[in-house]
Number of protein chains: 2
Amino acid sequence: MAVHSTAKKKGSADKRDRILRAAIKVFAKNGFYATRVSEIAKAAGVADGTIYLYFKNKDDVLITIFEDGIQQLLAILREVAASEQPFDERITRIIELQLGLLEDQRDLAEVITVNLRQSSSLLKQYAAPLFMEYIDVIAGLIRDGQKEGAFRKDINSRVVARSLFGALDAILLTWALGEADPPSLRKAASHCASLFLEGLRVR
Amino acid sequence: MAVHSTAKKKGSADKRDRILRAAIKVFAKNGFYATRVSEIAKAAGVADGTIYLYFKNKDDVLITIFEDGIQQLLAILREVAASEQPFDERITRIIELQLGLLEDQRDLAEVITVNLRQSSSLLKQYAAPLFMEYIDVIAGLIRDGQKEGAFRKDINSRVVARSLFGALDAILLTWALGEADPPSLRKAASHCASLFLEGLRVR
DNA sequence: GCCGGCTGAATGGCGGTTCATTCAACAGCC
DNA sequence: GGCTGTTGAATGAACCGCCATTCAGCCGGC
């Protein structure tokens, strides 16, 4: 057997990926609830039942996509937040990376931003902690900047973090839903960065 | 005769309201898709079938809630945007009004922010235009401010508008989902206003 | 020929919607 | 004012289509 390298209880890891990628595509187009499991299967070139060899159920597929995406984002975020660059630089990089990461993954962007809100209590359970973790990383960076005098101190760091998150989310949403092209996204990112940096400047 | 004052084609307008209010409550708690029509009926103290006397179907209930809420918001927005106050003042007022309006309506806030994203193509159809209208009003105000030299001109007004919307949305979301008390919401509003105003200042 | 991954038709139940029935309110009539 | 016929809002049990999930078989590799 020598099952290549990837650990696996059963089935090829490749098939699992095919399913996930297909699911992202279909969820993005139709939304979670309107998506039939059979559609995911068809898009993945797989039988309906096969999905249940790799995932507990339909919810599990969405949760997996969501967690993977956020974890990816969190990893980058933490790295940048902890870097030794000037604070302004770090904020800018976070914004650019975050929007850039999803730039060639419209579908993933849409699944995350759109389906984050599908609030079956089940998903709320999963989304809330990750969301908080996310906010915490940014808020921590802001707070550090305030402590070191790089940012004004008269604004609550968590409010800034939430605002920044929301702003990026909204930009991403209109980009994902609309016709906007990648260049416009990058331009939006730099405008957004400038807006927040000026807003945070000590005067 | 003399049916009090409210016009009515059929049924009491009061009953329609009861249903809407109940639906807001239940949608907020469980999300649209997880909500059973029978739950709305029970919460409204009404039979299942009665709901179909006032609404075409379940979607129609959500759409009505959503449209009413946004229209309410848009009306206020337009008024403030067109007022003769200084631009800074107008922005601040918009932020405060918007958050304040929903302060004592947690459930409505949650339904709007959370279910805005439920992307059955049907709802996308309804949500997108209203969302755009909303963005347009804010973007218009920013653009006017830029033209008159109140705000810096090197930032795209639509990007600012989207960012502001997203920021408010995120603040509202954490407030609606979390335990935060009203005072904290008002404080968040003023911090957010300050952040954006400084960010927009001409230098 | 045996094992395990895979298949996809069959199933079961779930829940939005319908509609036959009820009955309170009202108008016309005496 | 009482009696009666009519209306249509309200009801809620039943219906029916849909779709997530299952599982009895089917390969294909060893």
Side-chain angles (χ1 to χ4, degrees), chain A residues 1-24 26-27 29-66 115 118-123, chain B residues 1-23 26-27 29-65 115 118-123:
Chain A
M1 62 223 47
V3 159
H4 299 87
S5 59
T6 4
K8 57 165 165 182
K9 280 271 168 55
K10 45 176 163 177
S12 59
D14 152 74
K15 198 151 285 184
R16 199 186 127 98
D17 270 11
R18 281 231 309 280
I19 294 171
L20 281 177
R21 258 193 296 278
I24 289 173
V26 188
F27 284 159
K29 176 127 73 189
N30 302 331
F32 176 71
Y33 284 100
T35 296
R36 312 289 136 234
V37 172
S38 61
E39 293 178 72
I40 301 175
K42 183 142 58 118
V46 145
D48 296 13
T50 305
I51 290 177
Y52 291 86
L53 297 178
Y54 295 92
F55 301 93
K56 199 153 52 59
N57 52 34
K58 193 181 155 191
D59 282 3
D60 191 32
V61 177
L62 179 59
I63 290 171
T64 302
I65 291 172
F66 182 68
N115 289 295
Q118 310 257 23
S119 68
S120 97
S121 56
L122 181 73
L123 290 173
Chain B
M1 63 30 225
V3 169
H4 299 87
S5 56
T6 5
K8 56 166 169 181
K9 275 268 168 51
K10 47 175 164 175
S12 55
D14 151 75
K15 197 150 286 184
R16 198 185 127 97
D17 270 11
R18 281 230 309 280
I19 293 171
L20 281 177
R21 258 193 295 276
V26 187
F27 285 158
K29 175 128 71 191
N30 303 330
F32 176 72
Y33 284 101
T35 296
R36 310 291 137 233
V37 172
S38 60
E39 294 180 70
I40 301 176
K42 183 143 57 119
V46 145
D48 295 14
T50 306
I51 291 176
Y52 291 87
L53 296 178
Y54 295 92
F55 301 94
K56 200 153 53 58
N57 51 35
K58 192 181 155 191
D59 281 3
D60 192 32
V61 177
L62 179 59
I63 291 171
T64 302
I65 291 172
N115 290 293
Q118 309 261 21
S119 70
S120 98
S121 56
L122 180 73
L123 291 174

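Every chain is numbered from 1 and lettered A, B, ... according to where its sequence line falls, protein lines coming before strand lines.
Separating the CG atom of A:N30 from the P atom of D:dA20 is a distance of 12 Å, rounded to the nearest angstrom. One can place CZ of A:R18 at 13 Å from C1' of C:dG5, the figure rounded to the nearest angstrom. Look at CD1 on B:I19: it is 10 Å from C1' on D:dA10, rounded to the nearest Å. Here the C1' atom of nucleotide C:dT7 and the CG atom of A:L53 are 9 Å apart, to the nearest Å. We find that CG of A:D14 is positioned 14 Å from C1' of C:dC6, with the value rounded to whole Å. Here the P atom of nucleotide C:dG8 and the CD1 atom of A:I51 are 12 Å apart, to the nearest Å. Per the geometry, CD belonging to B:E39 stands 17 Å off P belonging to D:dG12, to the nearest Å. Straight-line distance from the NZ atom of A:K42 to the P atom of D:dA20: 14 Å, rounded to whole Å.
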Atom pairs under 3.5 Å, N or O on each side, protein against nucleotides 26-30 of chain D: can you list them with distances?
none

Point to revise | Stepwise side-chain contact (heavy atoms from CB on, under 4.5 Å) test for A:T35 and A:K29 | key: CA-CA 9 Å; A:T35 296; A:K29 176 127 73 189; over 6 Å; no
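Between A:V26 and A:K42, every side-chain heavy-atom pair lies at or beyond the 4.5 Å cut-off. Between A:Y54 and A:V61, the closest side-chain pair of non-hydrogen atoms is not below 4.5 Å. Put simply, the side chain of B:I63 does not reach to within 4.5 Å of the side chain of B:F55, judged on heavy atoms.
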Exercise for review: Could you run through nucleotides 14-24 of chain C and give me one letter per nucleotide, 5' to 3': B if any protein heavy atom sits under 4.0 Å from the base, S if only the sugar-phosphate is that close, - if neither?
Suggested key: -SSBB------
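Checking the phosphate oxygens (OP1, OP2) of C:dG5, no side-chain nitrogen or oxygen of A:K15 falls inside 4.0 Å. The shortest distance between the side-chain N/O atoms of B:Y54 and the OP1/OP2 oxygens of D:dA10 is below 4.0 Å. Residue B:T50 has a polar side-chain atom (N or O) positioned under 4.0 Å from OP1 or OP2 of D:dT11.
Across A:I40 and A:I19, no two heavy atoms sit closer than the pair CG2-O, 4.1 Å. Across every non-hydrogen atom of A:T64 and A:D60, the tightest pair is OG1-O, 2.7 Å.
With B:F32 as the aromatic partner, B:K58 meets the cation-pi criteria of under 6.0 angstrom to the ring centre and within 45 degrees of the ring axis.
Taking CZ from B:F27 and OH from B:Y33, the interatomic distance works out to 10.5 Å, rounded to the nearest 0.5 Å.
Looking at A:T50, its side chain never comes within 3.5 Å of a backbone N or O of A:V46 through a donor-acceptor pair.
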